[in-house]
Amino acid sequence: MLGIVVGLFCTLIVAGICSYCFNLDLKWYFALNKPVFLVTNGWFTVFVGLAYASSILAIGRLIEYKHIFPSMIFFGVLGISCILFVLCFFRFKCFIASLVFMALALAMAYVLFIRFLIKDFKIAIEFLPAFLFDIYAFVCTVFIVLNN
């Protein structure tokens, strides 16, 4: 139970800071050339929620199995990268910086996923939705950067 509480706490901190950094200028956002495979806002929210839940489960398992170091450092960098992506993309409208932070987030998710595959397949499966979401978000970001 402690692991789930820690996972929930960490994820809520990242989600809260991302919400604080989020500033959507509708005219600017709708004017962007977005990929055809970008899901609608409702589905995007569902996918983000699944990624958060997936991360909560993985962090919970790490705490439960006492495999905290260095995975939690990778999770920390992943969370900070996501916050900086949201800040750069939606508030500052800086595509290059947002792409750099999304690439860093994807790199951390990749490191975590490979680490989990090696250490504990069960955690890897629980983290898979978050990893897949990071791949999807990175591809969408690359498309937006290249086409705007």
Kindly list each side-chain donor-acceptor pair under 3.5 angstrom involving residues 61-77, sequence neighbours excluded, with atom names and distances?
from  : atom 1 : to     : atom 2 : distance (Å)
Arg61 : NE     : Glu126 : OE1    : 3.2
Arg61 : NE     : Glu126 : OE2    : 2.9
Arg61 : NH1    : Glu64  : OE1    : 3.3
Arg61 : NH2    : Glu126 : OE2    : 2.9
Ser71 : OG     : Arg115 : NE     : 2.8

Distance-only criterion, 3.5 Å: show the donor-acceptor pairs between side-chain atoms of residues 97-106 and protein atoms not counting sequence neighbours.
from  : atom 1 : to    : atom 2 : distance (Å)
Ser98 : OG     : Cys94 : O      : 3.1
Ser98 : OG     : Phe95 : O      : 2.7

Compile the donor-acceptor pairs under 3.5 Å between side chains in residues 2-19 and protein atoms, sequence neighbours left out, one pair per line.
from  : atom 1 : to    : atom 2 : distance (Å)
Thr11 : OG1    : Gly7  : O      : 2.8
Ser19 : OG     : Ala15 : O      : 3.0

Pairs under 3.5 angstrom only: tabulate donor-acceptor contacts from the side chains of residues 138-148 to other protein residues two or more places apart or in another chain.
from   : atom 1 : to     : atom 2 : distance (Å)
Thr141 : OG1    : Ala137 : O      : 2.7
Asn147 : ND2    : Phe143 : O      : 2.9
Asn148 : OD1    : Asn33  : N      : 2.7
Asn148 : ND2    : Asn33  : O      : 3.0
Asn148 : ND2    : Ile144 : O      : 2.9

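Under the 4.5 Å side-chain criterion, counting only non-hydrogen atoms from C-beta, Leu38 is in contact with Pro35.
Taken to the nearest 0.5 Å, the CG atom of Asp120 stands 10.5 Å off from the CD1 atom of Ile125. Leu128 contributes atom CG, which lies 8.5 Å from atom CG of Leu117 (distance to the nearest 0.5 angstrom). Rounding to the nearest 0.5 Å places CD1 of Ile135 at 11.5 Å from CZ of Phe133.
Connection of Val46 to Leu24 is established within a shared hydrophobic cluster, with ILVMFWY side chains joined at heavy-atom distances below 4.5 Å, either directly or through further cluster members. Tracing side-chain contacts under 4.5 Å through hydrophobic residues (I, L, V, M, F, W, Y), one never reaches Tyr20 starting from Tyr52; they form parts of separate clusters. Under the 4.5 Å side-chain contact rule for hydrophobic residues, Leu50 and Phe37 share a cluster.
Closest of all the heavy-atom pairs between Asp134 and Ala109 is OD2-CB, 3.1 Å. Here the closest non-hydrogen pair linking Ala130 and Ser54 is N-OG, 3.4 Å.
Applying the salt bridge (Lys or Arg N to Asp or Glu O under 4.0 Å) test to Lys93 and every residue at least two apart in sequence or in another chain returns Asp25. Annotation: ring-ring contact (aromatic ring centres under 6.0 Å, His included) contacts of Phe113 (sequence neighbours excluded): Phe131.
The aromatic ring centres of Phe89 and Trp28 sit less than 6.0 Å apart.
Heavy-atom contacts from other residues, nucleotides or ligands closer than 6.0 Å to NZ of Lys119 number 12 or fewer.
Between Phe44 and Tyr136, the two ring planes are tilted [angle within 30° to 60°].
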